[in-house]
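Notes for the one structure printed next.
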Amino acid sequence: MKVGQPIKANPITSSVDFERDGIQHGHLRLPYSRDDSAWGSVMIPITVIRRGKGATALLTGGNHGDEYEGPIALYDLAQTLTAEDITGRVIIVPAMNYPAFRAATRISPIDKVNMNRAFPGRPDGSVTEKIADYFQRTLLPLADVVLDIHAGGKTLDFVPFAAAHVLPDKKQQGRCVEVMQAFNAPYSMMLLEIDSAGMYDTAAEEMGKVFVSTELGGGGTATARSAAIAKTGVRNVLIHAGILRGDPAFEPTIRLDMPSAECFTFSEHDGLVEPHVDLGQAVRKGDLLARIWTIDRTGRPAAEYRAKMDGILVARHFPGRITLGDCLAVLAIKVE
Ligand code: ZN
């Protein structure tokens with residue numbers, strides 16, 4: 001942005017009023033004129049529930065369009081939560097990257113942009129960049145607590161965890177950790193990001209918000225267990241924030257940490273994955289994690305991938321076939 005240039009307005013208009021008491025279901029409408037719809041729009045569903053003064057929670061799913069626990073929990077919450085149940089405000093966007101969610105793809109089919117690498121976005125950018133800018137400049141500033149529900153999508157599978165990051169502001173980090181624990185997934189993870197630039201997480205954290213994300217499963221589907229974890233977790237977070245009345249559900253959680261880049265194993269081969277460890281299983285440094293067979297011919301030994309540290313397997317490549325550069329396995333250590 002050049003000095004003296006006016007900041008452009010975002011083209012998204014909201015059919016809900018964020019300051020009105022009661023429950024409103026509507027859309028964020030983003031003009032998107034295209035071949036099959038002149039003067040058409042992307043219509044992103046949104047619900048706002050407000051009663052009196054209090055904290056605001058911003059709840060999102062579908063940041064990646066092939067992850068389903070967030071949308072399941074949030075379409076359910078929007079349909080079941082009432083204004084009488086709460087004090088403060090709940091903003092629910094079940095499918096943040098709505099074009100990607102409709103297409104069941106990780107990134108937007110319109111501009112091929114990954115929402116979680118598009119922040120802070122651009123008001124005059126592509127469709128995904130415009131949605132990111134709307135979150136950056138309109139929705140995030142309204143929020144006290146931000147929960148973004150992810151899973152592994154079509155190509156990764158995770159043990160179900162809620163996650164917080166190591167932050168420079170330790171008081172802010174402490175508040176994020178409290179909300180992570182309140183979500184009460186079976187695992188609670190201090191998450192090390194490979195590439196945090198452009199993430200929604202980073203945008204919210206740099207704004208000083210209390211931010212928690214999750215990875216609740218994967219493979220491009222939800223299970224009865226992972227959907228239930230998401231639904232319970234969302235309500236637990238609202239209770240913790242003082243927005244929803246009631247007692248939080250509480251189960252013991254396993255605390256995890258990712259101390260270094262040794263946690264990650266990336267594939268250096270194309271081929272067929274033969275897993276040797278399943279999610280949640282403990283390994284020692286040097287243990288075989290997986291073998292990758294070349295599929296071009298028989299009679300060749302498989303490539304072996306071994307654990308670079310002691311830990312438990314928290315994420316794995318989901319499809320049976322793998323490509324050079326894919327994330328094969330992620331380890332984390334249990335914190336006693
Ligand atoms: Zn995701």
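Remember, it's 1-based here, ligands and their atoms both numbered in the order they're listed.
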Quiz item: Below 6.0 angstrom between ring centroids: does that apply to Phe158 and Tyr187?
Solution: no
Quiz item: Restricting to N, O or S atoms of His64, which is nearest to the Zn ion (ligand 1)?
Solution: ND1
Quiz item: Would you say Glu215 has an N, O or S atom lying under 2.8 Å from the Zn ion (ligand 1)?
Solution: no
Quiz item: Does the pair Lys8/Asp124 count as a salt bridge with the N-to-O cut at 4.0 Å?
Solution: yes
Quiz item: Centroid-to-centroid, His240 to Phe183, below 6.0 Å?
Solution: no
Quiz prompt | Closest His150 atom to the Zn ion (ligand 1) [N, O or S only] | solution = ND1
Quiz item: Got a salt bridge between Lys308 and Glu262, using NZ or NE/NH1/NH2 to carboxylate O under 4.0 Å?
Solution: no
